[in-house]
Amino acid sequence: MALEFWKPGTTGPGSSLDRETDGEGFAVPSALSSQSIQHQRERLPIFKHRDELLYAIEMYGVIIVVGQTGCGKTTQLPQYLMESGWADKGNVIACTQPRRVAATSVAARVATEVGSILGDEVGYTIRFEDVSDKERTRILYMTDGMLFRETLVDPLLSRYSIIMVDEAHERSVYTDLLLGILKKIRRKRPSLRLIVSSATLDATSFLDFFTASTSPEEATIVSLEGRMYPVEVAYLQEPTPDYVRTAAQVAWNINLQQGSGGGDILMFLTGRDDIERCLEEFSDLMATLPRSATRLLPLALHAGLSTDEQLRVFEPAARGSRKVIIATNIAEASVTIEGIKFVVDCGFVKMRMFNATTALASLATVPTSVASATQRAGRAGRTSPGVCYRLYPKSAFDTLPLSNSPEITRTDMTTPILQLKSLGIDDLMKFEWVSAPPAESVLRALEGLVAAGMIGEDGRLTAIGEQVAECPVEVGIARMLFSSKELKCGEEILTIAAMTAIQDVFLIPDGAPGALAELERRKFTAEEGDHLTLLNVYNAFTRYGRSSSWCKAHALSFRAMSRAVSIRGQLKKYMQRFNLPTESCEGDAKRLRRCLVSGYWRNGARWVADGTYRSVRGNRTLHVHPTSVLFTRKPRSGWVVFHEMEETKKTQIRILTEIEPDWLVDHGHKFQKKVERS
DNA sequence: GAGCACTGC
């Protein structure tokens, strides 16, 4: 099927792709020119409507700002606000981001533009890093989760005059929670101004949210000119049965078409499997490359790679070659690569779903949204005009949802609800959600919080619930931290809590190096299971000087391990604040395992003869994840608790530890008595 | 026999 899809050398790239023309022979990208990306034939100043915007902020409480990435809203808008006096008299302008890297890099850039040192007039605050000055900082970039936490301490967020919630279209859990809280704060403190920044035309949903049960004068939409180069969009005429293969062919053809002309290719696929298969497609095609043709340099980019491997995509390609970066969604917003002129978009994304009824998380491949497709296409127009090839028909594009599905509708609500309760929001049915989580999800979360002793029969937080709400870990893990006092294993539980909070500790490369990495990993194996294995890994990391070379030699992620050290340090402070001792169990693994049961008591499972497990809750068939040290071994007692359960092709459990079944029963009894007493 | 992407004073 290789070349019947698209014949290079006939009428230019994408000749058999479906395009519309504007009557002058110029292909108008049907989706982008008129709807999504602001086109620009000659350069426009950023913020053509600066005065209009400042006027709107004086007049309205809430401004919904619509503007594509590249219009400068994140960097310029806070500066304009500061210049026009919004940061006078000790007021602070906050700008929230869903990602840490965005908060830090934007703050650094704005500090330079303003001519100040980072952390002085312009600063940032993310978990573990506060580069701001309580007195002097006027513009503060921060993660949305961080500002949400600040509401626990200062419910009216009184030090801020304006809060800009950036990238709101991404609809992260904390963006949504924050918007709900901010609407509430504005009722009590109308002087607070909000700017909700969104890249999509779906801004009306935010407008509706802020004007519902207030007044039409509460909010308005302002649109900003983009600073993007035009991106032409082409669609496939027919859907492809194998987008990985098609993607490789399209990239291949772009390279042949473009000859030695500049411009790299960025490809969006769904996951590591796709990426590796695509690399194979390229190595097959490589043999057919004419000697005179520009060489293609395929590079993978996904979160599972080491920092070194990730950095390779930023190195400019050698003369006479062109980079093809084969990436997951990481390249959509988290990582920006310069010099991309062509984007190949498969149209799908892997999305985490959570089924509250079965407490089962799953990873599903679903079509992207218009917002995502636009964002991906925009990656081709950062430094010059570009082309985006969408590997699906225009008719399929027309059926895509406008925005990303809000994370709050497909995530475990246990922690968010605990935090909302702690904010004094007791009636969750009356809380104004931008998108309400499913009722089932709220009910199950409440049920779980009651069962864990965080919420009393009266529906209010218990004393321990108040403390756990502050603690940046899952409820079950927090429970263990508290139980460690009685079981005298705070030191070890602290480490285990930190290690379970990070992901991708073990870097398992493909092929033979992968097998070697596997051997390295086994050196840390603890008989009792994965939690104690993780404890061994952490202790070895600190014993050998926390070095990156040591990590490399043991197939561990230095990034992840360093993060575990930070998290452990942070959690230790909470334990001290809550008067929880951090004494060691002195090698008594039994106490430690009993402590694990106090947090994981809902996650018990029993071994069955075929090597799988049955969950205590629901009697579901569970498969051990292959990274577990219990993957090939039956636990002596036949019983385990596990950290998490996820449905992929099968239902898998990850991070297991062997337990005695009566511990589960004991815990149940203890809990039962507690409920009877109260 | 397997790893979308984020995040938490």
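In the text below, chain A, chain B and the rest are named by the order of the sequence lines, each starting its count at 1. These figures come from a predicted structure and were not determined experimentally.
- Rounded to whole angstrom, the span from the CD1 atom of A:Ile275 across to the C1' atom of B:dA5 amounts to 12 Å.
- A ring-centre distance under 6.0 Å is not found for A:Tyr600 and A:Phe642.
- Classification of A:Glu470 and A:Arg149 as a salt-bridged pair fails, no side-chain N sitting under 4.0 Å from a carboxylate O.
- Taking atom CD1 of A:Ile502 as the reference point, atom P of B:dC6 lies 15 Å away to the nearest angstrom.
- When distances are taken from the side chain of A:Tyr574 to each of B:dC4, B:dG1, B:dC9, the shortest belongs to B:dC9.
- Exactly one residue among A:Leu299, A:Leu301, A:Thr336, A:Val335 makes a side-chain contact (heavy atoms from CB on, under 4.5 Å) with A:Phe314. That residue is A:Val335.
- Between the CG atom of A:Asn404 and the C1' atom of B:dA5 there is a distance of 11 Å, rounded to whole Å.
- Regarding A:Gln570, its CD atom lies at a distance of 7 Å from the C1' atom of B:dG8, rounded to whole Å.
- Taking atom CD of residue A:Glu646 and atom C1' of nucleotide B:dG1, one finds them 15 Å apart after rounding to whole Å.
- The side chain of A:Met146 lies closest to B:dG8 when the candidates are B:dG3, B:dG8, B:dC6.
- In this structure, A:Thr143 reaches the sugar-phosphate backbone alone: every heavy-atom distance under 4.0 Å involves primed, P, OP1 or OP2 atoms, never a base.
- With the nearest nucleotide of DNA chain B identified for both A:Gln419 and A:Leu301, A:Leu301 has the one nearer the 5' end.
- Base engagement by A:Thr415 is indicated by at least one non-hydrogen atom pair under 4.0 Å involving a base atom.
- As judged by a 4.0 angstrom heavy-atom cut-off over every strand, A:Glu332 is placed among residues making no nucleic acid contact.
- Across the protein-nucleic acid pair, A:Leu178 atom CG and B:dG8 atom P stand 13 Å apart, rounded to whole Å.
- Within the 4.0 angstrom heavy-atom criterion, base atoms lie near A:Arg352.
- Residue A:His302 places its side chain closer to B:dA5 than to any other of B:dG1, B:dA5, B:dT7.
- Base engagement by A:Arg127 is indicated by at least one non-hydrogen atom pair under 4.0 Å involving a base atom.
- Between A:Gln652 and B:dG3, a side-chain N or O to OP1/OP2 separation shorter than 4.0 Å is present.
- Residue-to-nucleotide proximity on DNA chain B shows that, of A:Ala303 and A:Tyr174, the 5′-proximal contact is made by A:Ala303.
- In this structure, the nucleotide among B:dC4, B:dC9, B:dG8 sitting nearest to the side chain of A:Arg100 is B:dG8.
- With hydrogens and angles ignored, the 3.5 Å screen pairs a side-chain donor or acceptor of A:Thr328 with a backbone N or O of A:Ile330.
- Backbone-only engagement by A:Ile330 is indicated by non-hydrogen atom pairs under 4.0 Å involving sugar-phosphate atoms exclusively.
- Between A:Thr270 and B:dC4 there is no side-chain N or O to OP1 or OP2 distance below 4.0 Å.
- Listed candidates were B:dT7, B:dA2, B:dA5. Nearest to the side chain of A:Arg99 is B:dT7.
- With distances taken from any side-chain atom of A:Phe631 to the nucleotides B:dC4, B:dC6, B:dG1, the minimum falls on B:dG1.
- With B:dC9, B:dA5, B:dG1 as the candidates, the nucleotide lying closest to the side chain of A:Glu150 is B:dC9.
- Residues A:Glu170 and A:Arg99 are paired through a salt bridge, judged by an N-O separation under 4.0 Å between the basic side chain and the carboxylate.
- You'll find that the side chain of A:Arg563 is closest to B:dG8, out of B:dA5, B:dG8, B:dA2.
- The distance from atom CG of A:Leu571 to atom C1' of B:dT7 is 14 Å, rounded to the nearest whole Å.
- A:Asp273 has its CG atom 9 Å from the C1' atom of B:dG3, to the nearest Å.
- By the 4.0 Å N-to-carboxylate-O rule, A:Arg159 lies close enough to A:Glu150 to be salt-bridged with it.
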